[in-house]
Peer 1: 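Here it is, the structure, as structure tokens.
What you see is a predicted model, and the numbers here were worked out from it, not measured in a lab. Counting starts at 1 for both ligands and their atoms, following the listed order.
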Amino acid sequence: MSNPLLQVVDLQRLSAETKRTGIKLLIDNTFATPVITKPLHLGADMVIHSVTKYLSGHSDVTAGAVVAAKAEDMERSKQIMRVYGLNLSPFESWLAARGLKTLQVRMKQHCFNALAVAEFLSRHPKVKQVWYPGLPQHPQHKLSKAQGCGMFGGMLSFRLEDDLETVNSFMKALQHIPFAPSLAGVSSSISHPLRTSHRSLNPEQQQKLGITLGVIRLSVGIEETVELLADLAQALEKMK
Ligand SMILES: *Cc1c(COP(=O)(O)O)cnc(C)c1O
């Protein structure tokens with residue numbers, strides 16, 4: 001799943017193509033997590049995860065993981081890790097391993113809440129567009145359903161009017177969903193791709209990707225669903 005517009009790639013088709021052309025296929029599976037998609041089973045050579053996100057899950061670890069189908073790729077990764085000193089401290093390893101124990105149950109609630117929020121936003125008159133693979137109108141909905149065991153993840157994006165005052169007033173009106181540079185923790189958080197993760201792209205690239213001023217990315221947490229919806233509803237109400 002791509003950031004921030006949640007495009008879903010057909011991994012089996014892609015891996016057939018990369019095998020045919022002799023290219024290694026590396027998948028960043030951070031948004032989906034292994035609960036939703038297991039790219040090695042679908043033909044990927046290697047998978048990378050930001051453990052900082054769902055795998056540890058509590059926004060208190062900075063870590064990453066690499067997995068490989070072939071022993072030689074794993075050996076090379078270990079060598080790079082050793083040479084660059086990328087090994088994790090004992091405390092962070094412990095936090096990450098502890099977070100991992102609840103990954104499965106957290107993902108279920110992330111998915112449940114995200115679908116509820118996506119449905120709510122897609123019906124709201126002040127929301128122009130919603131990107132969430134779980135919505136039937138998402139261009140890769142069917143593929144996403146088949147590839148992800150019927151789960152669609154906790155990340156979604158939506159577009160308000162492409163106007164700075166509108167975006168700022170919405171974000172300021174939220175009471176329980178903070179603006180944050182990271183994502184995928186147990187608490188919901190919001191980001192503004194144009195001014196954060198995608199600010200280094202030039203205006204043509206941003207336009208081409210569809211990342212306009214009004215696009216907001218929401219990392220849906222595991223809070224009570226009604227409380228989440230209530231905060232979004234009141235912020236949309238107060239928004240200019
Ligand atoms: C955050 C993120 C990364 C980078 O991970 P860090 O743990 O912050 O270094 C890579 N890929 C995706 C999809 C991410 O969300």
Peer 1: At under 4.0 Å between heavy atoms, is it the side chain or the backbone of Ser182 that contacts ligand 1, or both, or neither?
Peer 2: neither
Peer 1: With rounding to the nearest 0.5 Å, note down the distance linking NZ in Lys53 to OG in Ser182.
Peer 2: 5.0 Å
Peer 1: Heavy atoms, side chains only, cut-off 4.5 Å: are Asp45 and Leu40 in contact?
Peer 2: no
Peer 1: Rounded to the nearest 0.5 Å, what separates atom CD1 in Ile36 from atom CD in Gln147?
Peer 2: 11.0 Å
Peer 1: List ligand 1 atoms under 4.0 Å from Ala63, heavy atoms only on the residue side.
Peer 2: 7 (O)
Peer 1: Please could you name the atoms of ligand 1 that Thr52 approaches to less than 4.0 Å, counting only its heavy atoms?
Peer 2: 6 (P), 7 (O)
Peer 1: Any idea which protein heavy atom is nearest atom 6 (P) of ligand 1, and the distance to it?
Peer 2: Ser50 OG, 3.4 Å
Peer 1: What part of Leu183, side chain from CB on, backbone N/CA/C/O, both or neither, has a heavy atom under 4.0 Å from ligand 1?
Peer 2: side chain
Peer 1: Given Leu55, Val61, Asp28, which has its nearest heavy atom closest to atom 11 (N) of ligand 1?
Peer 2: Asp28
Peer 1: Between Asp163 and Lys240, is there a salt bridge with N-O shorter than 4.0 Å?
Peer 2: no
Peer 1: With rounding to the nearest 0.5 Å, note down the distance linking CE in Met74 to CD in Glu72.
Peer 2: 12.0 Å
Peer 1: Within the protein, is there a heavy atom lying under 4.0 Å from atom 9 (O) of ligand 1?
Peer 2: no
Peer 1: Do Asn168 and Met171 come within less than 4.5 Å of each other through their side chains, counting heavy atoms only?
Peer 2: no
Peer 1: Looking only at protein heavy atoms, which one is nearest to atom 2 (C) of ligand 1, and how far off is it?
Peer 2: Lys53 NZ, 2.4 Å
Peer 1: Is there a heavy atom in Ala184 that sits closer than 4.0 Å to ligand 1?
Peer 2: no
Peer 1: Would you call Glu223 and Arg106 a salt bridge, taking side-chain N to carboxylate O under 4.0 Å as the test?
Peer 2: no
